[in-house]
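Reading through the structure tokens given below for one structure.
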Amino acid sequence: MPTSSPATILGVALPSPLRRLFDYRAIAPPPGGWRPGLRVRAPFGRREVVGIVIECRAHSEVPASRLKPVAAWLDDTPLPADWLWLCHFTARYYQHGLGDTLSHALPGLLRQGRPLEARTRETWRLTPDGQSLPAEALARAPRQAELLAMLRQHPRGVTTPAITAQGYARAQLQALTDKGLIHSDEQPLIKAPPPAPERLLAEPALTLNGEQAQVLGRLHDGLERFTPALLHGVTGSGKTEVYLQLIEAVVAKGRQALVLVPEIGLTPQTLARFRKRFRVPVVALHSGLADGERLDAWLAALQGRAPIVIGTRSAIFTPLARPGVIIVDEEHDGSLKQQEGLRYHARDLAVARAHHHGIPVLLGSATPSLESLAKAHSGHYQHLRLTRRASRHAPARLELIDTRGRPRRGGLIPPVIEAIRQTLAAGHQVLVFINRRGFAPTLACETCGWLAECRHCDARLTLHRQPHLLACHHCDHQQPLPEACPQCGSADLRPLGTGTERSEESLAGLFPEVPIYRIDRDSTRRKEAFESLLSEVRRGDAAILVGTQMLAKGHHLPHVTLVVVVNADAGLYASDFRAMEQSAQLLEQVAGRAGRAEHPGRVLVQTQHSDDPQLTLLASRGYDALAERLLAERRAAALPPYRFLALLRLEAPREEAVQALAEQAAEALRAWLADQASEVHCLGPVPAPMERRQGRYHMQLMLSAERRSRLHEAGAWLIGWLEQCREARRVRWSLDIDPQTLS
Ligand code: ADP
Ligand code: ZN
Ligand code: ZN
């Protein structure tokens, strides 16, 4: 960009859904001049908002009389260029407004205009005089003497709150300061790492087995450039240990590691494992942080004070001063994809970002997504395998148990109940996996067949016992239980099917002497509740755990030797083309909980379709064999990963409005595609699988193409058309690039 004349026009991205920049007149610049990446305050309508300068130009298309000046600049150093690149890339790839993308990527306090400064704490240390003072010198002021002795033990300093928490008063700090014995300065909460690599580890690394060592060797070879790799290792094969040792190598070079984990995976247990290994700060970014904590962590990463950053999906937007590696754990996990607003996939952004930085990216999973497997097969990713568990026992096979025509108690058939009995008698733990929370999936009338349905959604209401009510799991509707059937007046209303609460209740009836822990979103609303349940479970006494997929992922439950899947069919026959892939991943993850320590495990899977060819393949030959077959099917059906999809979703309270717009959009798009002789296919519009949800009608239009670039052109055209369309103002719409679900 020519710099001969100073910029007079600033193109600013504002927190607005509009896909454009807003032009403002420049004011007197900050010390380094106007540059992209500087935050400004700008008048917008009747408010003032915080925006980010994207372009500095000499001209604007807006007539000079209508240009307003920005109100003020907020920073004198711009946000880093590679972070801006990531936001630009995200906005372009997901066809989303840049302003809204930037707001998503910035911590809340920076969006509100807080300076780019880390919070600091007043920290106290001894002066040279204080260090050399003889012990008896303060005999007449014993509290001051104690304070001095305490500070002597902490050469790196003690913060004011830590001192007052021990019962010392400001007056004592002041008295010692006046005597020239102590002094204070302001220190960031997250401190810079100690420089020496030999001081990096707080505990020694494990000795790797042969496979792990080979994998780590190949990763070391690729440290200096963009090397995408799929770490495909069975559950418990020591992937995390490989991550830890790779991070060690990266941090020893003075670089930073960014680790993404699924929402469910960022447990105190995981964090503790990282923090125990390293002496350098490990900062965590997740939804539970207070605004100030988030800003501290973000700035520590930006300024290079945090060598290791670990977080959930949105942590992909953390700026890094010296990026060294990006690791995505459980790369197949659905929570890495945001399902509303900016619908990005953190795994895919991780690969793009690593490419931009020229650093390695490691995608780890026991059950890789078909997308990543296809890239490993085609040689785009290194395919690194770990086939053996670090502990003695191989992962358990799935045993399919057909439930057709057999009596059930709490959803369980007699041979399964017997297996539970034997496991408990041996003093081991049982995990009963049931992917429905609540007491029962719905309430039914025995007389006329009426089912409790949500009045806002095409969905059944779930029966809950704690507290006693009917609740919709698709909107926030709740209602009390009816006394009698609203259709025929019969009082014979009964729960239909089994959820976690009911399973817990019937297991308690069958095994009254054994503690039962129910672990689902309702029983663990508070994080501490979840952790305390888990720590009781880890004591290891015979027990039954009943849980949803919260339990299936990531947790190390060493005493579980039997896993029971109450109903494998729930997800299998969904209309979504990814249903089998996702069910198989979940089943393997659940199965992976069994037999992780001394004793081998068994996994019993109840199904009504024990002869289903895909399920039997999964059971007999495992996830990898099934994945190969699914890939072949996807290729034959021209579905991802062999073809690219974009899904336009439309919704409004009135069905006719949605339908009219969807048809109009499809027609316009088809005419344009024909005109362009484009290879892009347009399917639909069709009603969404759940047509009515939260009182609104949902329809969708699918775009598919062999080449990504063609899909993007068509998507961009469609968005342009919708933005111009008057009818589209009464309908909410969004375009989902690489949709993970078709619902
Ligand atoms: P994954 O991430 O693949 O599920 P982990 O890294 O959590 O596997 O390892 C599973 C268990 O095996 C952990 O308890 C871990 O401490 C242990 N482990 C991993 N690698 C080794 C090793 N090389 N030697 C001994 N134990 C190991
Ligand atoms: Zn009835
Ligand atoms: Zn509802």
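Along the sequence shown, residues carry numbers from 1. For ligands, and for the atoms within them, numbers begin at 1 and follow the listed sequence.
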Checklist entry - What is the minimum heavy-atom distance between Pro307 and Val251, and which atoms define it? => result CB-CG1, 3.9 Å
Item to check | ligand 1 versus Asn209: contacting region, heavy-atom distance under 4.0 Å | outcome: backbone
Next on the checklist: Under 4.0 Å between a side-chain nitrogen and a carboxylate oxygen: does that hold for Glu399 and Arg602?
Outcome noted: yes
Checklist entry - Is a salt bridge present between Arg313 and Asp333, judged by a nitrogen-to-oxygen distance below 4.0 Å? => result no
Checklist entry - Around atom NE2 of His220, are there more than 12 heavy atoms of other residues, nucleotides or ligands at under 6.0 Å? => result yes
Checklist outcome for this item: One finds that the ligand 1 atoms under 4.0 Å from a non-hydrogen atom of Gly238 are 1 (P), 3 (O), 5 (P), 6 (O), 8 (O), 9 (O), 19 (C)
Checklist entry - Do you know the tightest heavy-atom contact between Ala366 and Asp624? => result O-OD1, 4.5 Å
Next on the checklist: Below a 4.0 angstrom heavy-atom separation, can you tell me which part of Arg389, side chain or backbone, both or neither, approaches ligand 1?
Outcome noted: neither
Item to check | Heavy-atom neighbours of Arg696 CZ exceed 12 at 6.0 Å | outcome: yes
Item to check | Environment of the Zn ion (ligand 2) in terms of protein N/O/S atoms, cut-off under 2.8 Å | outcome: Cys445 SG, Cys448 SG, Cys485 SG, Cys488 SG
Next on the checklist: Between His473 and His464, is the ring centroid distance below 6.0 Å?
Outcome noted: yes
Checklist entry - Could a heavy atom of Gly233 be found less than 4.0 Å from some atom of ligand 1? => result no
Checklist entry - Under 3.5 Å, is there a donor-acceptor pair between the Ser372 and Glu331 side chains? => result yes
Next on the checklist: Between the side chains of Arg465 and Glu501, is the shortest nitrogen-to-carboxylate-oxygen separation below 4.0 Å, so that they form an ion pair?
Outcome noted: no
Next on the checklist: Surrounding CD of Glu483 (heavy atoms of other residues, nucleotides or ligands, distance under 6.0 Å), is the total greater than 12?
Outcome noted: no
Item to check | Residue from Gln589, Gln585, Glu588 passing side chain to side chain donor-acceptor pair (under 3.5 Å) with Thr367 | outcome: Gln589
Checklist entry - Does Gly236, backbone or side chain, put an N or O under 3.5 Å from an N or O of ligand 1? => result yes
Checklist entry - So how many protein N, O or S atoms does the Zn ion (ligand 3) have within less than 2.8 Å? => result 4
Next on the checklist: Is there a polar contact, in the sense of an N or O pair closer than 3.5 Å, between Thr235 and ligand 1?
Outcome noted: no
Checklist outcome for this item: Note: Arg273, heavy atoms under 4.0 Å from ligand 1, region reported as side chain
Next on the checklist: With a 6.0 Å cut-off on the ring centroids, do His232 and His383 count as close?
Outcome noted: yes
Checklist outcome for this item: Thr207 heavy atoms within 4.0 Å reach ligand 1 at atoms 22 (C), 23 (N), 24 (N)
Next on the checklist: Quick check on salt bridge (charged side-chain N to carboxylate O under 4.0 Å, His left out): which of Arg273, Arg279, Lys276, Arg275 does Glu203 satisfy it with?
Outcome noted: Lys276
